[in-house]
Protein chains: 2
Amino acid sequence: MLKYQQIASEIEKYIVDHNLQQGDKLPILETLTAQFAVSKSTITSALDLLERKGIIFQVRGSGIFVRRHKRKGYISLLSNQGFSKEMEESQPTSEVIELDIVRPTQEVMDNLNIGTEDEVYSVKRIQYINGETLCLEHSYYNKAIIPYLNKEIVSESIFHYIQEGLGLKVGFSDMYLHADKLNKEEAEYLGLEPGDPKFCLEVIFHLTNGQPFDFSKITYNYKQSQFFIQANSHF
Amino acid sequence: MLKYQQIASEIEKYIVDHNLQQGDKLPILETLTAQFAVSKSTITSALDLLERKGIIFQVRGSGIFVRRHKRKGYISLLSNQGFSKEMEESQPTSEVIELDIVRPTQEVMDNLNIGTEDEVYSVKRIQYINGETLCLEHSYYNKAIIPYLNKEIVSESIFHYIQEGLGLKVGFSDMYLHADKLNKEEAEYLGLEPGDPKFCLEVIFHLTNGQPFDFSKITYNYKQSQFFIQANSHF
DNA sequence: CATTATAATTGTACCGGTATAATTTTTCAA
DNA sequence: TTGAAAAATTATACCGGTACAATTATAATG
């Protein structure tokens, strides 16, 4: 682990352990550089990381402060790891209802940057949380990048397999959100009525080298799912 | 404007002007430092800014590449400026249906970090786009920070007034998303039926010094609104 | 005492340097 | 020609320095 990441997690731990609240001040930069015995720029990197994660905010001429604790039970949309982990208390379980190798539709070709001749894994899953249905997931994986999947891998964490098993590195992702009405099939899976609201999330995950490998369409139970985003003005 | 911001916008302009596409390679760091005649770290800051904005991605050992152009017509949730500007083609217009000074409810006190004795502006607006209703907005402004508002200010851009008129600087924001069913009143305003889906966004805007000044609850017409987020693995 | 001017504090911008890790290209052996 | 090893390329980590801008604290002024 890199120095600035290590320091960031130590500062985060410090905030939690000391039960620091919104607006509480952290030691000044100079003190932090001395305590961690690293250069200014390393501390700055660590603090910038914590700022992007929404843990702290920095005010020029004033200091470094703890940011508001977010509401609980929300799914963070910026974590970029399949979103499962965010549900702290109860781990979701998943049921695989389809796992096939297919030719891509036009939509899938567009989003995964592939052609008619390429093959993709088509995976449908249901995710449960606290015995209730959280969401319906239809994912497409570029077979050229993810050459092999089976029910076991897919019912556990696919991302864990991609990173640990295949040694691939997940980079950035594009997400598209909208609301709509459930159709009959979706309503049955989610235990809701047709015409009820659905919360739709489409995600395209890329490797660090920019290749899109996963296009997922997720339909959330609107009663079970609330989402969370933190934004910074200086981006 | 700072050097690294200036350089970032010049690079962005270069990408647009030269019609660069997804995956196209930009000049290497060394070339950029030479061309802009600045130090390495200034270029790095500019590139990191562009990366957070989703314009480019960087690959160690390989180069700097243009990221996928996002789908059009989506509202970006990370821009942090009231979201209006994002609708490129047609500027939305807004109608003010309420503007009062009131005592805060418990919910408003919690989100704006104020007490029972403090006062807030309560502002209800409807935003239209292409003649259709885009959303219903109910905003609360801390009167201690925004001492004066009138219909004129509120029907134009409140954020413009806050920044230019009052000289305040907008920092970070927390956003909460969920879907639900429209009630009768909301349905009428949006020209939809009660029970139809609604896309709800709650935002708390803070100044750069961490003070929350605006708590807004926005109800979007699900037929008019699609949202967009870009995430990076190394945050 | 209130208000304004001055000074101290503190994070950020920018510089230019060395070292390192990931990727790509080239070289060389089989 | 293929594949593996070596070299070159390229972004990133980390260092420590100066200058600067925003804020806060202090002193001066009426």
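Because only heavy atoms are used, hydrogens play no part in the values below, and waters and symmetry mates are left out as well, while side chains stay in.
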Checklist entry - Around A:Q21, counting heavy atoms of other residues, nucleotides and ligands shown, do more than 12 lie under 6.0 Å from its CD? => result yes

Checklist entry - So, do A:V66 and A:I55 sit near enough that their side-chain heavy atoms are less than 4.5 Å apart? => result no

Checklist entry - To the nearest angstrom, how far is A:F57 atom CZ from D:dA22 atom C1'? => result 15 Å

Item to check | Among C:dG11, D:dC15, D:dA11, the nucleotide that comes nearest once only the side chain of A:K3 is considered | outcome: D:dC15

Item to check | A:N111 side chain reached by A:V108 side chain, heavy atoms, under 4.5 Å | outcome: no

Checklist entry - What distance do B:I204 atom CD1 and A:R68 atom CZ have between them, rounded to the nearest 0.5 Å? => result 4.5 Å

Checklist entry - Taking CD1 from A:I43 and P from C:dT10, how many angstroms apart are they, rounded to a whole number? => result 16 Å

Next on the checklist: From CG of A:L47 over to C1' of C:dT12, roughly how many Å is that when rounded to an integer?
Outcome noted: 12 Å

Checklist outcome for this item: Within residues 22-42 of chain B, the residues having a heavy atom closer than 4.0 Å to DNA chain D are B:I28, B:L29, B:K40

Checklist entry - What is the ring orientation for B:Y176 with A:F228, classed by angle as parallel under 30°, tilted 30 to 60°, or perpendicular over 60°? => result tilted

Checklist entry - Do B:Y220 and B:L134 have side-chain heavy atoms sitting under 4.5 Å apart? => result yes

Checklist entry - NA contact type, A:I64, heavy-atom cut-off 4.0 Å: base, sugar-phosphate, or nothing? => result sugar-phosphate

Checklist entry - Are the side chains of B:N142 and B:F215 in touch, meaning some heavy atoms are under 4.5 Å apart? => result no

Checklist entry - Can B:R71 and A:E202 be counted as an ion pair, charged N to O under 4.0 angstrom? => result yes

Item to check | Distance in angstrom units between A:Q58 CD and C:dT10 C1', rounded | outcome: 11 Å

Item to check | Gap between atoms CD1 and C1', on B:I56 and D:dT10 respectively (whole Å) | outcome: 14 Å

Just the table, please: protein N/O against nucleotides 20-25 of chain C N/O, every pair under 3.5 Å.
residue, atom, partner, partner atom, Å
C:dA21, O4', B:R60, NH2, 2.8

Item to check | Separation of atom CE in A:M1 from atom P in D:dA13, rounded to whole Å | outcome: 13 Å

Item to check | Audit row: A:E12, A:K53, salt bridge (Lys or Arg N to Asp or Glu O under 4.0 Å) steps and yes/no | outcome: CA-CA 10 Å; A:E12 188 171 356; A:K53 287 178 79 173; 3.5 Å; yes

Checklist entry - Any side-chain N or O of B:Y4 under 4.0 Å from OP1/OP2 of C:dC14? => result no

Item to check | Comparing A:Q5 and A:F65 on DNA chain D - which has the more 5′ nearest nucleotide | outcome: A:Q5

Item to check | Protein-nucleotide distance (B:I7, atom CD1; C:dA13, atom P), rounded to Å | outcome: 13 Å

